[in-house]
Amino acid sequence: MKTSDQELQSSLHAYLRRNHPEICRHWFDQIGVLGVSGGVLRLAVTEPVRLKYLQRTCMAPFTEAVQSITGRLLAVRFVGPDGAAGEPASQLPSGFSEPGEATPLLDEQMVLSPDYCFETFVVGPGNRLANAAALAVASKLGRAYNPFFVHGGVGLGKTHLLQAVCQQLLRQQPAARIFYISCHTFMDAFHECVRAGRMNEFRHRFRNVDLLVIDDIHYLSKHEQTQEEFFHTFNALHQAGKQIVLSSDAAPSEIPDLEARLVSRFNSGLVARVDRPCYETRVNILKSKARLHDLRMPDDVPAYIAARVDTNIRELEGALTKVRGLAMAMNREIDLELAKEALGGDPLRMGQENPQPNIQAILDAVIRYYDIKLTDLLGKRRHKSVALPRQVCMWLARRHTRYSLEEIGGYFGGRDHTTVLHAVRTVESKQSVDDRLKADVDRIEKSLSSHLAIDAVP
Ligand code: ADP
Ligand code: MG
């Protein structure tokens with residue numbers, strides 16, 4: 001790139017970060033400026049999925065940015081690796097979209113998001129197996145685990161993993177024929193084709209692929225006719241050594257009203273469950289999302305959000321979005337104070353909204369009492385100044401919430417349940433011989449109970 005192009009590139013990036021932070025991604029600084037000709041600024045992108053994202057979502061903000069920076073009425077065109085700037089579909093590897101070949105009826109693939117790749121997938125105890133298997137599937141198509149079936153609760157990364165497999169394969173084998181579709185769309189296409197008498201076309205379309213990915217396959221439940229058709233699709237692909245990847249909100253045998261022969265097919269490959277992320281993983285995910293969206297924040301912010309939100313990753317992202325929104329609206333840097341404001345600050349109020357007593361209230365009380373930092377309390381340090389408050393915190397959590405030892409351990413930086421058990425016993429037994437500890441604990445409990453209706457575990 002020429003110096004002037006480089007300057008334009010960095011001004012573009014800065015403009016977008018300031019005015020359109022929601023579309024910004026960390027890889028924007030890899031977009032090459034190819035120069036202006038005929039009133040068009042050409043921008044080069046190497047990855048097809050990124051190219052498609054830019055063409056679909058970013059045209060208007062980029063045009064606005066370019067015009068405002070150069071003061072000229074320029075148009076913007078994103079171009080792919082071969083330098084050709086065509087319509088979005090023609091930029092893609094042939095197997096990915098097959099324009100022209102597919103009929104509109106069967107051309108309903110889901111769009112891949114450049115955010116959902118392996119590089120941005122944070123691995124922790126809850127998803128390690130699923131991640132490793134997905135990687136193996138992408139690199140040894142049809143030979144590692146077939147089918148690969150991933151299941152778990154909402155917002156735990158199933159769709160992200162499925163798309164990561166597709167993107168990895170596209171990078172390694174750009175000509176691979178991929179069909180990535182939601183179960184709903186599969187069922188709709190099936191019904192349409194039955195109605196229109198186009199079943200041959202349907203079969204041809206679904207059986208001529210190297211990788212078939214169906215998201216949320218549990219929706220097949222109760223749909224006998226579609227199950228029957230899917231059974232044949234499955235067998236045809238499987239026998240030809242083609243890869244099948246499925247996601248579901250439940251294990252195969254737990255999907256209601258699913259034919260036994262499908263259950264057994266699904267179980268015949270690898271079934272991997274994704275679980276809720278522990279505290280440490282939640283912190284890492286938040287940091288990774290912040291990096292992806294080019295957000296800067298001190299470490300205590302992800303620590304705080306991760307302690308507040310423990311349900312699933314979509315909610316974590318929602319919390320981060322709230323924080324970013326408030327920072328934008330108030331034109332402030334993101335810091336702990338701002339995060340507290342954005343998330344409704346007062347954890348005790350959360351306790352009332354939430355039928356489950358909140359660990360956050362306990363954490364806050366302990367932090368305030370011992371005057372220590374949240375990151376230390378939840379972190380790895382074993383120094384006495386944090387080890388004792390941490391044990392007190394675990395004891396309080398055990399006594400005043402319904403969380404299990406495992407869950408409390410998860411909260412405290414992914415410690416296992418024996419550590420929590422040890423902490424609970426230590427605090428219990430020390431109190432009877434250590435008056436100072438007893439007084440400390442009493443005071444913390446008092447500060448808690450004056451605000452919160454404590455639900456003691458019987
Ligand atoms: P599901 O399909 O299981 O309901 P998604 O795959 O849609 O969940 O994930 C919800 C959000 O959480 C997505 O934005 C996804 O990128 C993010 N996410 C989930 N798991 C992870 C992870 N391990 N690392 C990074 N982001 C994740
Ligand atoms: Mg999903």
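Note that the structure is predicted; figures quoted are calculated from it, not measured. What's counted below: heavy atoms across the whole structure, side chains too, no hydrogens, waters or symmetry copies.
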Below 4.5 Å, heavy atoms only, C-beta onward: do Leu388 and Lys384 meet side chain to side chain?
-> no
Modelled atom types, side-chain donor and acceptor of Ser385 and His383, under 3.5 Å | yes
Under 6.0 Å from the six-membered ring centre of Tyr411 and within 45° of its axis: does the NZ or CZ of Arg282 meet both?
-> yes
Distance, nearest 0.5 Å, that separates CG of Leu156 from CG of Asn127 | 9.0 Å
Is there side-chain contact between Glu254 and His218, with heavy atoms separated by less than 4.5 Å?
-> no
Side-chain heavy atoms of Gln243 within contact of Phe148, under 4.5 Å = yes
Check whether any side-chain heavy atom of Ile31 lies under 4.5 Å from a side-chain heavy atom of Phe62, and answer yes or no.
-> yes
Which class fits the ring pair His160 and Tyr116: parallel under 30°, tilted 30 to 60°, perpendicular over 60°?
-> parallel
Look only at the side chain of Lys158 and the backbone of Val150, and say whether a donor-acceptor pair between them is shorter than 3.5 Å.
-> no
Do the two ring centres, one from Phe179 and one from Phe186, sit under 6.0 Å apart?
-> no
Please determine which of Arg25, Arg324, Arg17, Arg18 meets the salt bridge (Lys or Arg N to Asp or Glu O under 4.0 Å) test together with Asp294.
-> Arg17
Atom pair CG/OG of Asp442 and Ser447 - distance to nearest 0.5 Å | 11.0 Å
Arg273 atom CZ, neighbour heavy-atom count above 12 within 6.0 Å | no
Any side-chain heavy atom of Ser247 sitting closer than 4.5 Å to one from Asp216?
-> yes
Kindly indicate whether the side chain of Lys287, heavy atoms from C-beta on, has any atom under 4.5 Å from the side chain of Asp299.
-> yes
Are any non-hydrogen side-chain atoms of Val45 and Tyr53 less than 4.5 angstrom apart?
-> no
May I ask you to decide if Phe412's main-chain N or O and Arg415's side chain share a donor-acceptor pair within less than 3.5 Å?
-> yes
